[in-house]
Number of protein chains: 2
Amino acid sequence: MAATLADVARRAGVSAATVSRVLNDNYPVAPATRQRVLRAVQELEYVINGNARALAASTSDLIGVLVNDVADPFFGLIASGVQSETGGDKLAVVCNTTGAPDRELNYLTLLQRQRAAGVVLSGSAIEEPEHIHAVTERLRRLAAAGTRIVLCGRPPLPGLAGGGDDAKVATLAFANRDGARELTEHLLALGHRRIGYVAGPADRTTTRHRLEGHRAALAARGMGAGSGRLIAHCAYDRASGRRATLALLDAEPGLTAIAAANDTMALGVCAALRERGLRIPDDVSVTGFDDLPFSADAFPGLTTVRLPLYQAGALAGRLLMGHESPPPDGLVTIPAEVVRRDSTAPPRRP
Amino acid sequence: MAATLADVARRAGVSAATVSRVLNDNYPVAPATRQRVLRAVQELEYVINGNARALAASTSDLIGVLVNDVADPFFGLIASGVQSETGGDKLAVVCNTTGAPDRELNYLTLLQRQRAAGVVLSGSAIEEPEHIHAVTERLRRLAAAGTRIVLCGRPPLPGLAGGGDDAKVATLAFANRDGARELTEHLLALGHRRIGYVAGPADRTTTRHRLEGHRAALAARGMGAGSGRLIAHCAYDRASGRRATLALLDAEPGLTAIAAANDTMALGVCAALRERGLRIPDDVSVTGFDDLPFSADAFPGLTTVRLPLYQAGALAGRLLMGHESPPPDGLVTIPAEVVRRDSTAPPRRP
DNA sequence: CTGAAAGCGCTTACAG
DNA sequence: CTGAAAGCGCTTACAG
């Protein structure tokens with residue numbers, strides 16, 4: 001079996017306490033003694049037992065990162081950012097919830113079991129009162145147990161303390177509403193008046209905020225949000241975006257632009273348009289959201305809204321590690337910026 | 001502070017042993033007693049301390065997944081597959097090594113500290129004798145401590161036991177060589193004779209195997225691997241693929257096809273060709289490798305080699321959980337399949 | 001600068 | 001079916 005600290009102590013001819021002090025380097029130890037301990041550690045190939053340490057010291061080396069989909073670069077970038085700031089001595093646990101409420105709760109419980117040092121919940125939150133309540137409760141308990149919490153890309157949870165010197169909860173809210181508004185303003189400025197919108201699932205915060213931004217831009221021009229026929233809700237993936245677009249085109253053949261709620265869906269939008277023999281942007285302009293790496297390589301290059309996902313993740317990491325303090329109210333807004341590429345152009349003359 | 005098992009026992013009027021038995025459901029307990037315990041757990045919002053449990057039972061809830069880049073869908077798909085099979089009660093720790101040898105070793109140590117139940121090392125391995133030795137040593141120790149190990153997408157490590165009934169190490173090798181050979185055969189069958197190759201970093205197993213496959217196809221036609229000028233080594237990312245292509249075009253203006261060692265680089269190849277005013281596939285054919293989701297949406301759709309990454313990850317997960325046994329020799333080959341899309345066509349007549 | 005000892009919160013033979 | 005007690009492998013006051 002693996003060597004224990006007691007084995008090391010015996011071999012080095014010192015007490016367990018001394019070995020512990022050398023290992024943690026948190027107390028003066030005579031240089032010669034230290035050398036002997038270090039040699040014994042080498043010889044025995046000793047690796048400290050993290051569980052025993054965590055139990056005795058009531059600390060933890062774990063950081064949890066909840067994501068809706070690890071295979072989606074949106075979350076990969078956030079997770080990568082978190083890990084860039086926590087990598088050295090903490091283990092970042094990336095938990096794949098697939099967006100399912102019960103898996104989200106289950107992971108929070110597992111993380112609480114491990115007494116995680118920190119947890120970041122990333123991406124869209126589910127707007128279902130019962131679930132919000134359950135999540136808030138879990139997070140309250142985690143925070144009470146000393147776990148730092150960062151909400152990254154979702155709105156603050158009312159009822160959870162945020163900010164303050166001993167704040168356990170911080171929120172990094174993405175400027176989804178502003179980004180979406182500016183993007184639709186861009187389409188309007190180009191001259192588009194009949195704009196279809198492929199929205200995400202109706203019960204997610206991100207879906208709602210982006211849609212609100214879109215509507216705000218229309219309203220500012222005195223345009224109604226359009227009849228319901230101009231808006232299609234569906235899952236945040238390519239296949240759904242494609243299907244939604246086909247339906248939209250059937251309902252409203254006169255569309256000159258389609259805005260998708262994220263880049264992945266936008267690829268599906270483009271695919272559907274090509275199937276119908278429509279050229280982008282000559283016949284129909286298309287926009288996405290997020291500016292994921294592949295968007296610059298899509299054809300034509302996708303006009304979208306850039307969100308600094310990696311940087312947001314890194315900030316979340318620093319907050320968790322206590323390397324940076326959240327503002328007094330615990331709320332940071334991550335800015336969004338329109339990126340114009342070749343998928344948008346003025347509509348053709350009728 | 002959080003309630004402990006002793007608190008629950010006191011409240012339920014039973015011993016700690018009984019509470020433990022109810023919680024783990026591994027021993028008969030009278031129904032009435034069980035109910036009282038469960039109620040006490042509810043009332044105290046008790047969550048078991050995973051560290052204490054792991055220490056006492058010498059078990060672990062952690063599974064480590066080492067990846068070169070979480071934000072790359074190649075690894076995201078593998079990680080996602082692993083989690084699909086381990087999600088319920090195990091926590092999958094996705095560790096981002098950025099391909100750096102020291103980070104790889106550091107994470108292995110952290111996982112050993114936590115006495116991880118299993119570890120999967122995914123993607124390309126570094127072919128540097130000293131590093132291979134160090135990794136083999138770490139894995140040997142992990143295996144000796146009871147940790148199951150799966151190498152996913154890299155070749156077996158000589159010196160590490162694989163297979164057998166109590167096997168701790170299994171290898172899922174990707175058919176990189178065969179896939180690359182078939183892909184180049186496809187280009188040759190189309191009539192291409194001057195084919196550029198954008199390879200990955202020279203010191204990785206995946207790079208070498210794919211390049212060997214490419215060369216084997218050429219050799220079978222009696223063609224030399226071409227002068228060194230037809231091959232460019234660079235990092236596995238888009239920007240590098242673009243730069244390498246520009247260099248290749250300068251050195252060999254007569255190229256009619258360029259094969260990239262992965263899809264991400266292939267996007268860079270396409271970008272470079274467009275910059276030079278060359279059409280795909282009319283002027284130059286392009287191929288990738290991996291068939292990541294975006295490849296079907298690239299323009300033109302990318303001819304590539306499909307690797308069932310998610311399924312490979314899922315298999316790795318089942319192996320780790322002991323839900324499936326590896327073959328006697330511990331080695332599974334994951335097949336690769338050429339996917340023809342629109343980025344390849346016969347070369348134009350000169 | 002170092003050690004003996006208690007304690008972290010569980011599990012698990014052992015005994016009944 | 002249930003409990004008392006030892007033990008898992010560390011850390012940390014406390015004493016010297």
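Labels below follow one simple rule: chain letters A, B, ... track the order of the sequence lines, proteins then strands, and each chain is numbered from 1.
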Result for side chain to side chain contact (heavy atoms under 4.5 Å, CB included) between A/Leu121 and one of A/Leu139, A/Thr97, A/Val67 points to A/Leu139
Rounding to 0.5 Å, atoms CG (B/Asp7) and CG (B/Leu44) come to a distance of 6.5 Å
Testing the 3.5 Å rule here: is there a donor-acceptor pair between the side chains of B/Arg53 and B/Thr59? no
Whole-Å distance, A/Arg115 CZ to C/dC8 C1', equals 11 Å
*asked:* For the C1' atoms, the ones on C/dT12 and on C/dG16, what distance do you get once it is rounded to whole angstrom?
replied: 16 Å
Sequence neighbours excluded, the answer for side chain to side chain contact (heavy atoms under 4.5 Å, CB included) partners of A/Arg34 is A/Val22, A/Asp25, A/Val29, A/Leu38
Within residues 43-62 of chain B, those residues having any heavy atom closer than 4.0 Å to DNA chain D are B/Leu55, B/Ala56
Any stem touching DNA chain C, meaning at least three consecutive Watson-Crick or G-U pairs under 3.5 Å, ordered by first number, would be C:1-3 with D:14-16, C:5-12 with D:5-12, C:14-16 with D:1-3
note: A/Arg10, atom CZ; D/dG9, atom C1'; distance rounded to Å ~ 12 Å
Phosphate oxygens OP1/OP2 of C/dT11: is one of them under 4.0 Å from a side-chain N or O of B/Ser20?
yes
Please examine the side chains of A/Leu23 and A/Leu5, heavy atoms only from C-beta on, and report whether any two atoms are closer than 4.5 Å. yes
When every non-hydrogen atom of A/Gly118 is compared with those of A/Thr147, the smallest separation belongs to CA-CG2, 3.6 Å
Contacts under 3.5 Å, N or O only, protein and nucleotides 1-3 of chain C:
unit_1, atom_1, unit_2, atom_2, d
C/dT2, OP1, A/Thr33, OG1, 2.2
C/dT2, OP2, A/Ala30, N, 2.8
C/dG3, OP2, A/Ser15, N, 3.0
C/dG3, OP2, A/Ser15, OG, 3.2
C/dG3, OP2, A/Thr18, OG1, 2.7
C/dG3, N7, A/Arg21, NH1, 3.1
C/dG3, O6, A/Arg21, NH2, 2.5

Between B/Arg115 and B/Ser60, the two heavy atoms sitting closest are O-CB, 2.9 Å
From CG of A/Leu5 across to P of D/dC8 the rounded distance in Å is 13 Å
Contacts of B/Arg318 meeting salt bridge (Lys or Arg N to Asp or Glu O under 4.0 Å) (sequence neighbours excluded), chain-then-number -> B/Glu85, B/Glu324
Heavy atoms of B/Thr171 and B/Arg154 approach each other most closely as CG2-O, 3.3 Å
By salt bridge (Lys or Arg N to Asp or Glu O under 4.0 Å), A/Arg39 pairs with (sequence neighbours left out) none
Closest heavy-atom pair, B/Val70 versus B/Asn96, reported as atoms and distance to 0.1 Å, is N-ND2, 2.8 Å
